[in-house]
K.L.:
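Following this message is one structure expressed as structure tokens.
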Amino acid sequence: MPKSKRDRAVTLSKTKKKGREHKETIVQSIRDAVEEYNSIYVFSFENMRNLKFKQFREQLKSTSRFFLGSNKVMQVALGRSDSDEIRTGLHKVSKLLRGDCGLCLTNMPIEEAQRIFNEYEDHDFARTGSIATETVELKEGPLDQFTHEMEPFLRKQGMPVRLSKGVVELVGDFIVCEEGKPISPESSRILRLMGIKMASFKLNLICRWSPENYEVYQEGLQGSDIESS
């Protein structure tokens with residue numbers, strides 16, 4: 001019987017990787033966009049939600065283009081110093097690409113871009129490891145918000161519950177999460193069941209560059225700090 005093709009060994013060294021060619025493509029895409037758009041913004045993000053960001057980006061695709069990914073690759077695209085920057089002053093933008101951030105290249109008027117970013121905020125359920133924004137405590141007694149089928153699941157999350165005449169009942173006070181402390185996997189599940197959203201997906205403008213002007217929006221990021229970083 002002939003061997004099945006599924007049994008053939010695959011040499012991992014021959015599989016394609018996103019290496020130098022992929023990075024060079026991104027660099028060139030950013031450089032092309034610099035020539036196409038009037039302004040460049042660096043923005044930071046909190047509690048990133050990919051689907052929400054995709055929707056935000058789609059709303060602005062007629063006037064803007066966004067880049068997220070390796071900060072080092074984006075820095076190379078813009079230029080890390082005044083000697084290799086592709087436009088005058090872009091090395092200052094490059095130095096602010098730190099942490100959770102991205103680039104927005106746009107033809108929107110300044111006031112409109114600032115308004116859209118400043119007003120954008122979307123609330124979502126907190127993920128494991130997020131910091132609780134408030135303390136949530138359940139008091140002893142019946143939990144009418146949960147059906148009797150959920151009793152075994154709640155018990156697995158560490159809640160001291162029992163069924164009493166078909167009603168889920170908490171046999172003692174229970175703290176789901178505490179303000180300022182990380183949210184556990186169990187707490188994250190309980191908060192979701194309760195419909196409590198503690199995560200806020202936000203986009204914050206850090207700076208803006210145009211051929212005529214460069215300005216930093218966030219306090220504490222002065223020119224001397226940028227040049228020395």
Side-chain angles (χ1 to χ4, degrees), residues 15-122 130 199-229:
T15 58
K16 293 184 179 181
K17 297 182 180 180
K18 291 184 178 180
R20 184 179 182 87
E21 184 177 345
H22 176 71
K23 294 177 182 178
E24 289 177 347
T25 299
I26 296 175
V27 167
Q28 191 58 51
S29 295
I30 293 175
R31 290 178 174 176
D32 290 343
V34 169
E35 301 300 323
E36 182 179 352
Y37 295 94
N38 298 328
S39 299
I40 301 175
Y41 293 86
V42 173
F43 64 91
S44 61
F45 53 83
E46 304 172 28
N47 299 304
M48 170 59 78
R49 297 294 187 266
N50 291 332
L51 179 59
K52 300 293 185 182
F53 181 72
K54 182 178 180 180
Q55 294 171 346
F56 178 81
R57 186 177 58 192
E58 283 295 310
Q59 293 175 359
L60 301 177
K61 67 178 182 179
S62 63
T63 60
S64 312
R65 187 167 181 187
F66 291 83
F67 292 93
L68 287 179
S70 169
N71 289 340
K72 289 185 178 180
V73 172
M74 291 189 287
Q75 288 172 349
V76 169
L78 299 178
R80 294 180 174 180
S81 67
D82 54 2
S83 63
D84 63 3
E85 61 186 9
I86 59 173
R87 297 286 296 276
T88 302
L90 277 182
H91 77 282
K92 297 179 181 179
V93 176
S94 179
K95 289 181 182 296
L96 292 182
L97 287 166
R98 302 191 296 260
D100 295 331
C101 65
L103 286 174
C104 172
L105 295 90
T106 182
N107 287 326
M108 286 189 292
I110 299 175
E111 295 77 10
E112 182 180 359
Q114 291 177 341
R115 178 186 60 79
I116 290 175
F117 274 85
N118 292 337
E119 292 180 356
Y120 184 81
E121 183 173 7
D122 194 285
S130 300
S200 179
F201 172 37
K202 298 177 64 177
L203 303 172
N204 306 301
L205 290 177
I206 295 177
C207 72
R208 171 186 171 272
W209 173 94
S210 71
E212 301 80 25
N213 190 30
Y214 170 74
E215 53 187 335
V216 178
Y217 295 125
Q218 291 194 5
E219 295 182 6
L221 294 176
Q222 304 300 326
S224 58
D225 299 328
I226 297 169
E227 293 300 333
S228 62
S229 60

K.L.:
Would you say the ring centers of F53 and Y120 fall short of 6.0 Å from each other?
P.N.:
no

K.L.:
Work out which heavy atom in F67 is nearest to a heavy atom in A33; give both atom names and the distance.
P.N.:
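Of all heavy-atom pairs spanning F67 and A33, the closest is CE1-CB, 4.1 Å.
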
K.L.:
Nearest heavy-atom pair of S94 and R80: which atoms, and what distance?
P.N.:
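Nearest heavy atoms, S94 then R80: OG-CA, 4.0 Å.
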
K.L.:
Indicate the atoms forming the closest heavy-atom contact of V42 with C101, along with that distance.
P.N.:
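For V42 and C101, the tightest heavy-atom pair comes out as CG1-CB, 4.4 Å.
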
K.L.:
With no hydrogens and no angle check, is any side-chain donor or acceptor of D122 less than 3.5 Å from a backbone partner on F201?
P.N.:
no

K.L.:
Using every non-hydrogen atom in the two residues, find where H91 and D82 come nearest and quote the distance to one decimal.
P.N.:
CG-N, 3.7 Å

K.L.:
Report yes if some heavy atom in the side chain of I86 is under 4.5 Å from a heavy atom in the side chain of I30; otherwise report no.
P.N.:
no

K.L.:
If you round to the nearest 0.5 Å, how far is OG of S70 from CG of L97?
P.N.:
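Between L97 CG and S70 OG, I get 9.5 Å after rounding to 0.5 Å.
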
K.L.:
Do D100 and E46 come close enough that some side-chain heavy atom pair is under 4.5 Å?
P.N.:
no

K.L.:
Could you check if a side-chain atom of T106 sits within less than 4.5 angstrom of a side-chain atom of L60, using non-hydrogen atoms only?
P.N.:
no

K.L.:
Would you say the side chain of R87 lies within less than 4.5 Å of the side chain of V34, judging by non-hydrogen atoms?
P.N.:
yes

K.L.:
Judged by atom type as modelled, is there a donor-acceptor pair below 3.5 Å linking the side chain of D32 to the main-chain atoms of S29?
P.N.:
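No: the side chain of D32 does not pair with the backbone of S29.
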
K.L.:
Got a second to check how far K202's NZ is from N118's CG, nearest 0.5 Å?
P.N.:
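Here the rounded value is 9.0 Å.
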
K.L.:
Can you tell me how far apart CZ (R115) and CE (M108) are? Round to the nearest 0.5 Å.
P.N.:
9.0 Å

K.L.:
What distance separates F117 CZ from L203 CG, expressed to the nearest 0.5 Å?
P.N.:
6.0 Å

K.L.:
Output the distance between atom CD1 (I116) and atom OG (S64), rounded to the nearest 0.5 Å.
P.N.:
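Separation between the atoms: 7.5 Å.
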
K.L.:
Are F45 and L68 side-chain neighbours, meaning at least one heavy-atom pair lies under 4.5 Å?
P.N.:
yes

K.L.:
Which pair of heavy atoms, one from V216 and one from C207, lies closest together, and at what distance?
P.N.:
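Minimum heavy-atom contact is CA-CB, 4.1 Å.
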
K.L.:
Please work out which of the three classes, parallel, tilted or perpendicular, describes the rings of Y41 and Y217, given edges at 30° and 60°.
P.N.:
parallel

K.L.:
Taking all non-hydrogen atoms of both residues, which atom of R31 and which atom of V76 are closest, and how far apart?
P.N.:
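Smallest heavy-atom distance, with atoms named: NH2-O, 3.1 Å.
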
K.L.:
Take R208 and N213 through the side chain to side chain contact (heavy atoms under 4.5 Å, CB included) test and state the conclusion after the steps.
P.N.:
CA-CA 8 Å; R208 171 186 171 272; N213 190 30; 3.9 Å; yes

K.L.:
Do the side chains of L105 and E36 get nearer than 4.5 Å, heavy atoms only?
P.N.:
no

K.L.:
What's the spacing between N38 CG and S210 OG if we round to 0.5 Å?
P.N.:
8.5 Å

K.L.:
Set out, in order, the CA-CA distance, both residues' side-chain angles and the distance that settles side chain to side chain contact (heavy atoms under 4.5 Å, CB included) for L96 and R98, then state yes or no.
P.N.:
CA-CA 6 Å; L96 292 182; R98 302 191 296 260; 4.1 Å; yes

